[in-house]
Amino acid sequence: MAVNETERRAMTRALQLAALGPRGVNPQVGAVILSPTGEVLAEGWHHGAGTPHAEVDALSKLAPGAARGATAVVTLEPCNHTGRTGPCAVALQEAGIARVVYALDDPGAASGGGADRLRNAGVDVEAGEQADAAHLLIEGWLTAQRLGRPHVTVKWAQSLDGRAAADDGTSQWITGPEARADVHRRRAASDAIVVGTGTVLADDPALTARDGDTLLPHQPVPVVIGTRRTPEDAALRRHPHEPLFYETADLRTVLADLHSRGMQRVFIEGGPTLASAFIAAGLFDRVLTYVAPVLLGGRRVALTDVGVSTIGEAHRLTVDEWVPLGADLLAIAHPAVENEGAV
């Protein structure tokens, strides 16, 4: 049975509800309960660790028996395990839900399998509705589940000929205001913003997420990697969050520590040496390349050694989107299938 338009609209609403929940050790999940004739009976979302999951939150707003024969539209496969709360698959079954539409499979070895449990109980189950949007919402959590580290985005801005700065080191500004505003919005969607000590010493970045001169509501934690000392009067020391400093070249150790702190989305801001190191190690899930229509020439390339000595070792990417931003162009890409799964 295909997903109908009412269920499609309900999934769009469930994704909006999911976004209300906090990012943390649990995924953001939303749920909408529809009557057999398509009316919305209840809505719910996961409010944080230890609270009822989205499906149970929605069911709790209904009188006993009111969900019998209804459809549950959920952004993630109903869980199949008992943690701080019971299995959502069982709760839906016991409530009399006749059909479940969900977006993404749960990748957890213990928590997955709820769809099969529901099918075995006679519940009609449809998977994959708006899966891309659901994946984007909880990609940090999904990466943490799959790889045990945060989701890593590597960003850089470059001239059309691949330079990150002029030959004297000046780089403000290669791109225009639209591109810079886009970067700040993406910073605000991240848990941490990471730079190397070279960028700190050369540019003295604030590492805040801003709309003009106004700080955006969510600020990423500033992270500095490298052995050179950060000056006491550095701008990032006035950041709303206390900076984290890692005097190591072991990027896996850094990511493991950020993961242990509950950080799921990490934004690698620069410079070329650090960005190249993450790519060379295969520790990236997305690339954001802002390309400006200028030519700079010279030695200041946007990337340095990424571990490629021959064409067969190239880091192949799949481009998800090309985004015009004023005079600039943003390429959004992720590792091609043969490169995915790096740890």
Side-chain angles (χ1 to χ4, degrees), residues 19 136-137 139-140 151-224 233-241 243 265-276 278-279 284-303 317 319-334:
L136 186 61
L137 178 68
E139 62 185 355
H151 184 277
V152 175
T153 295
V154 179
K155 166 264 174 185
W156 67 86
Q158 66 173 59
S159 62
L160 198 58
D161 57 345
R163 269 56 179 182
D167 220 29
D168 66 352
T170 55
S171 61
Q172 296 182 342
W173 297 99
I174 290 177
T175 55
E178 294 89 349
R180 297 198 296 274
D182 186 77
V183 169
H184 282 278
R185 287 191 294 270
R186 295 179 188 275
R187 285 182 179 183
S190 303
D191 299 313
I193 179 169
V194 183
V195 296
T197 51
T199 294
V200 172
L201 295 173
D203 298 337
D204 193 25
L207 301 186
T208 51
R210 304 182 299 278
D211 180 5
D213 294 329
T214 303
L215 293 180
L216 293 171
H218 181 266
Q219 293 293 318
V221 174
V223 175
V224 180
D233 62 349
L236 64 85
R237 292 191 184 275
R238 298 187 293 277
H239 194 283
H241 295 297
R265 300 187 188 205
V266 171
F267 197 73
I268 311 302
E269 183 82 20
T273 301
L274 187 66
S276 300
F278 271 94
I279 292 174
F284 70 104
D285 305 288
R286 175 174 294 129
V287 165
L288 301 177
T289 305
Y290 295 84
V291 182
V294 297
L295 300 174
L296 295 175
R299 303 161 295 165
R300 306 281 184 163
V301 292
L303 291 180
L317 304 177
V319 175
D320 300 306
E321 194 174 0
W322 296 97
V323 183
L325 294 166
D328 306 316
L329 187 64
L330 167 62
I332 304 174
H334 68 271

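For clarity, every value in this text was computed on a predicted model and none was experimentally measured.
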With a 4.5 Å heavy-atom cut-off, do [X] and [Y] have their side chains touching?
| X | Y | answer |
| --- | --- | --- |
| Arg180 | Val183 | no |
| Phe284 | Leu317 | yes |
| Arg210 | Asp213 | no |
| Asp328 | Glu178 | no |
| Pro272 | Val301 | no |

Look at the side chain of [X] and the backbone N and O of [Y], then say whether any donor-acceptor pair between them is shorter than 3.5 Å.
| X | Y | answer |
| --- | --- | --- |
| Arg187 | Phe267 | no |
| His239 | Leu207 | yes |
| Asp285 | Val152 | yes |
| Asp161 | Gly297 | yes |

- Report the C-alpha separation of His184 and Asp211 in whole Å, then their side-chain angles, then the decisive distance to 0.1 Å, and conclude whether the side-chain contact (heavy atoms from CB on, under 4.5 Å) test is met. CA-CA 7 Å; His184 282 278; Asp211 180 5; over 6 Å; no

- Task: List the steps, then state whether side-chain contact (heavy atoms from CB on, under 4.5 Å) holds for Val223 with Val266.
- Result: CA-CA 10 Å; Val223 175; Val266 171; over 6 Å; no

- Task: Go through Arg286 and Ile332 one step at a time and tell me if the side-chain contact (heavy atoms from CB on, under 4.5 Å) criterion holds.
- Result: CA-CA 7 Å; Arg286 175 174 294 129; Ile332 304 174; 3.9 Å; yes

Throw together a table of side-chain donor-acceptor distances under 3.5 angstrom for residues 190-198, partners on residues two or more places apart or in other chains.
unit_1: Ser190; atom_1: OG; unit_2: Arg186; atom_2: O; d: 3.0
unit_1: Asp191; atom_1: OD1; unit_2: Arg23; atom_2: NH2; d: 2.9
unit_1: Asp191; atom_1: OD2; unit_2: Gln264; atom_2: N; d: 2.8
unit_1: Asp191; atom_1: OD2; unit_2: Arg265; atom_2: N; d: 2.9

- Query: Which of these passes side chain to side chain contact (heavy atoms under 4.5 Å, CB included) with Lys155: Ile268, Val287, Leu288, Leu330?
  - Reply: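 Testing Lys155 for a side chain to side chain contact (heavy atoms under 4.5 Å, CB included) against Ile268, Val287, Leu288, Leu330 leaves exactly one candidate, Leu288.
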
- Message: Checking Leu296 against Asp167 for the side-chain contact (heavy atoms from CB on, under 4.5 Å) test, could you report, in this order, the C-alpha distance in whole Å, the side-chain angles of both residues, the deciding distance, and whether it holds?
- Response: CA-CA 8 Å; Leu296 295 175; Asp167 220 29; over 6 Å; no

